[in-house]
Amino acid sequence: NCMHILPALHQLEEDVPEGLVVVGVQSGKFNNEKNSDNILKAVTRYNITHPVINDQNYDMWNAYSIICWPTLVLINPAGKVVLISIGESDVDKVCRFIKDAVKLAPPSKFEAVPLPSSSFEKSA
């Protein structure tokens with residue numbers, strides 16, 4: 001279950017504030033899990049601070065050949081997939097790998113610009 005890895009992701013975001021961008025991708029199995037309003041409620045309920053994409057048509061799921069929940073995909077600044085981790089059991093190893101990868105990576109050409117919290121609010 002993807003919710004079980006949220007604490008590790010939150011800690012990772014705190015431990016690596018520079019050089020890492022976490023983006024959640026919600027590929028819902030059931031119709032209620034594909035509903036953007038329900039996703040926004042879950043983001044709020046679980047205090048998720050990174051952006052979350054609603055992949056209701058499984059576009060990203062298929063593009064990265066995902067086969068189960070949760071799956072973590074690490075993509076470097078050049079757009080190359082450098083790690084795919086399936087399931088919950090290796091989350092700590094993945095976090096250590098990411099920390100090491102960020103330390104060893106060359107400086108990024110991209111500037112991180114935080115989104116204002118109003119970006120996550122539903123438009124009227």
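Being a predicted model, the structure only gives us computed values, none of them experimental. Starting from 1, each residue takes its place in the sequence as its number.
Here the closest heavy-atom approach between residue A8 and residue C95 is recorded as O-SG, 4.1 Å. Here the closest heavy-atom approach between residue F97 and residue V82 is recorded as CZ-O, 4.3 Å. E14 and H10 get closest at one heavy-atom pair: OE2-NE2, 2.9 Å.
In this structure, the separation between CD1 on I98 and CG on L72 is 6.5 Å, given to the nearest 0.5 Å. Atom CD1 of residue I53 and atom CD of residue Q26 lie 11.5 Å apart, to the nearest 0.5 angstrom. In this structure, L6 CG and H50 NE2 are separated by 6.5 Å, a value rounded to the nearest 0.5 Å. Residue R45 holds its CZ atom at 9.0 Å from NZ of K41, rounded to the nearest 0.5 Å. The OG atom of S65 sits 12.5 Å away from the CE atom of M60 when rounded to the nearest 0.5 Å. Between the OG1 atom of T44 and the CD1 atom of I39 there is a distance of 12.0 Å, given to the nearest 0.5 Å.
Side chain of D90 to main chain of V94: no donor-acceptor pair is present (N/O by atom type, distance under 3.5 Å, no hydrogens or angles). For W69 (side chain) and G28 (main-chain N/O), no donor-acceptor pair under 3.5 Å exists by modelled atom type. Under a 3.5 Å cut-off, the side chain of D55 and the backbone N or O of W61 do form a donor-acceptor pair. With hydrogens and angles ignored, the 3.5 Å screen pairs a side-chain donor or acceptor of N76 with a backbone N or O of A78. A donor-acceptor pair is defined here as one N or O able to donate and one able to accept, closer than 3.5 Å; such a pair exists between the side chain of N54 and the backbone of K34. Although no hydrogens or angles enter the test, the distance criterion places no donor-acceptor pair under 3.5 Å between the side chain of N38 and the main chain of E33.
Counting heavy atoms from C-beta outward, L20 and L12 have side chains that approach closer than 4.5 Å. Side-chain contact between Y64 and I75 is present, with at least one heavy-atom pair separated by less than 4.5 Å. V23 has its side chain within reach of V21: a pair of non-hydrogen atoms, C-beta onward, lies under 4.5 Å apart. At a threshold of 4.5 Å between non-hydrogen side-chain atoms, the residues V81 and V73 count as touching.
Around the OH atom of Y58, the shell of radius 6.0 Å holds more than 12 heavy atoms that belong to other residues, nucleotides or ligands.
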